[in-house]
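Since the structure comes first, as structure tokens, the remarks are kept for the end.
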Amino acid sequence: MANICTNELRVYSEDPNNLKYVNDFCNDHFSISFIYEDDAELHIDFESKWDFPESNMEKMFKGIPNKEDINMVCLSTEWGNYYSAFHVCDSKGWRLE
């Protein structure tokens with residue numbers, strides 16, 4: 001059985017197309033447990049295997065319509081192996097903090 005990583009994604013953008021794209025991408029690629037959305041903010045909690053789903057998150061970033069108006073952060077935790085990681089994404093892409 002795979003260890004499940006919980007990911008808390010927070011997305012900030014004044015471009016509604018960005019928020020819609022991220023929401024749709026997450027619904028298509030992840031097992032979502034929570035979604036909150038307002039005019040400029042999107043919070044999505046989802047699961048992945050083992051750790052931060054780097055390849056899917058890079059794929060998501062590549063498709064964002066307006067990369068100049070995006071700010072995302074993701075806290076990933078997997079308690080079975082004491083794993084935690086905090087990733088930040090801006091117009092240049094994802095990076096580990």
Side-chain angles (χ1 to χ4, degrees):
M1 185 166 127
N3 290 353
I4 301 300
C5 182
T6 302
N7 302 277
E8 299 176 33
L9 176 66
R10 306 297 184 247
V11 183
Y12 307 94
S13 178
E14 293 181 5
D15 186 336
N17 294 320
N18 283 350
L19 297 177
K20 180 177 178 356
Y21 175 81
V22 171
N23 192 347
D24 291 347
F25 185 94
C26 288
N27 275 305
D28 290 344
H29 291 87
F30 301 116
S31 175
I32 295 175
S33 60
F34 174 79
I35 296 177
Y36 167 80
E37 187 173 7
D38 68 18
D39 291 340
E41 193 171 336
L42 177 64
H43 295 192
I44 299 177
D45 294 353
F46 64 92
E47 295 179 343
S48 60
K49 292 182 181 176
W50 303 293
D51 57 10
F52 176 76
E54 190 169 353
S55 62
N56 272 341
M57 298 304 264
E58 289 292 339
K59 184 178 175 183
M60 177 177 67
F61 174 74
K62 287 179 183 178
I64 290 176
N66 181 2
K67 290 179 183 59
E68 295 303 314
D69 182 28
I70 194 73
N71 183 347
M72 298 186 282
V73 296
C74 186
L75 175 62
S76 303
T77 55
E78 194 283 296
W79 290 97
N81 290 310
Y82 304 115
Y83 168 84
S84 65
F86 186 70
H87 287 81
V88 176
C89 183
D90 57 19
S91 63
K92 297 175 185 170
W94 286 101
R95 69 181 181 279
L96 178 64
E97 286 292 318

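Count residues from 1 along the sequence. What you see below is based on every heavy atom in this structure, not just the backbone, and it leaves out hydrogens, waters and symmetry mates.
Listed by first and then second residue, the salt bridge (charged side-chain N to carboxylate O under 4.0 Å, His left out) pairs that reach into residues 19-31 are Lys20-Asp24, sequence neighbours excluded. Sorted by first then second residue, the salt bridge (charged side-chain N to carboxylate O under 4.0 Å, His left out) pairs that include residues 83-93, not counting sequence neighbours, are Asp90-Arg95. Within the structure, salt bridge (charged side-chain N to carboxylate O under 4.0 Å, His left out) pairs that include any residue of residues 50-59 do not occur (at least two apart or interchain). Residue pairs meeting the ring pair (Phe, Tyr, Trp, His ring centres under 6.0 Å) criterion with at least one member in residues 7-33, sequence neighbours excluded: Phe25-His29, Phe30-Phe46.
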Could you list the donor-acceptor pairs under 3.5 angstrom formed by side chains in residues 60-67, with sequence neighbours left out?
unit_1, atom_1, unit_2, atom_2, d
Asn66, OD1, Glu68, N, 3.3
Asn66, ND2, Asp15, OD2, 3.2
Lys67, NZ, Phe61, O, 3.4
Lys67, NZ, Lys62, O, 3.0
Lys67, NZ, Ile64, O, 3.0

Output side-chain donor-acceptor pairs under 3.5 Å for residues 79-87, partner residues at least two apart or in another chain, one line each.
unit_1, atom_1, unit_2, atom_2, d
Asn81, ND2, Glu78, OE1, 3.0
Tyr83, OH, Phe52, N, 3.3

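Looking at residues two or more places apart in sequence or on another chain, you find a side-chain hydrogen bond (donor to acceptor under 3.5 Å, both in side chains) between His43 and Arg10, Glu41. Listed by chain and number, the residues in a side-chain hydrogen bond (donor to acceptor under 3.5 Å, both in side chains) with Asn18 are Ser13 (sequence neighbours excluded). Qualifying side-chain hydrogen bond (donor to acceptor under 3.5 Å, both in side chains) partners for Asn56, counting only residues two or more places apart in sequence or in other chains: none. When the side-chain hydrogen bond (donor to acceptor under 3.5 Å, both in side chains) test is applied to Asn71, no partner is found at least two apart in sequence or on another chain. Residues satisfying the side-chain contact (heavy atoms from CB on, under 4.5 Å) criterion with Glu47, sequence neighbours excluded, are Ile4, Ser31.
With side-chain heavy atoms closer than 4.5 Å counting as contact, directly or through intermediates, the hydrophobic cluster containing Tyr36 also holds Phe34.
Trp50 has its side chain out of reach of Cys5: every pair of non-hydrogen atoms, C-beta onward, lies at least 4.5 Å apart.
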For Leu9 and Met57: C-alpha separation, side-chain torsions, deciding distance, then whether side chain to side chain contact (heavy atoms under 4.5 Å, CB included) applies. CA-CA 10 Å; Leu9 176 66; Met57 298 304 264; 3.9 Å; yes

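Going from atom CG of Asp45 over to atom OG1 of Thr6 covers 8.0 Å, rounded to the nearest 0.5 Å. For the atom pair CG (Asp39) and CG (Leu19), the distance works out to 9.0 Å, reported to the nearest 0.5 Å.
Shown here for Ile44 and Ile35, the closest heavy-atom pair between the two residues is CG1-CG1, 4.2 Å. For the residue pair Glu14 and Asp69, the shortest heavy atom distance occurs at N-OD2, 2.9 Å.
There is a path of hydrophobic side-chain contacts, each under 4.5 Å, that joins Val88 to Leu75.
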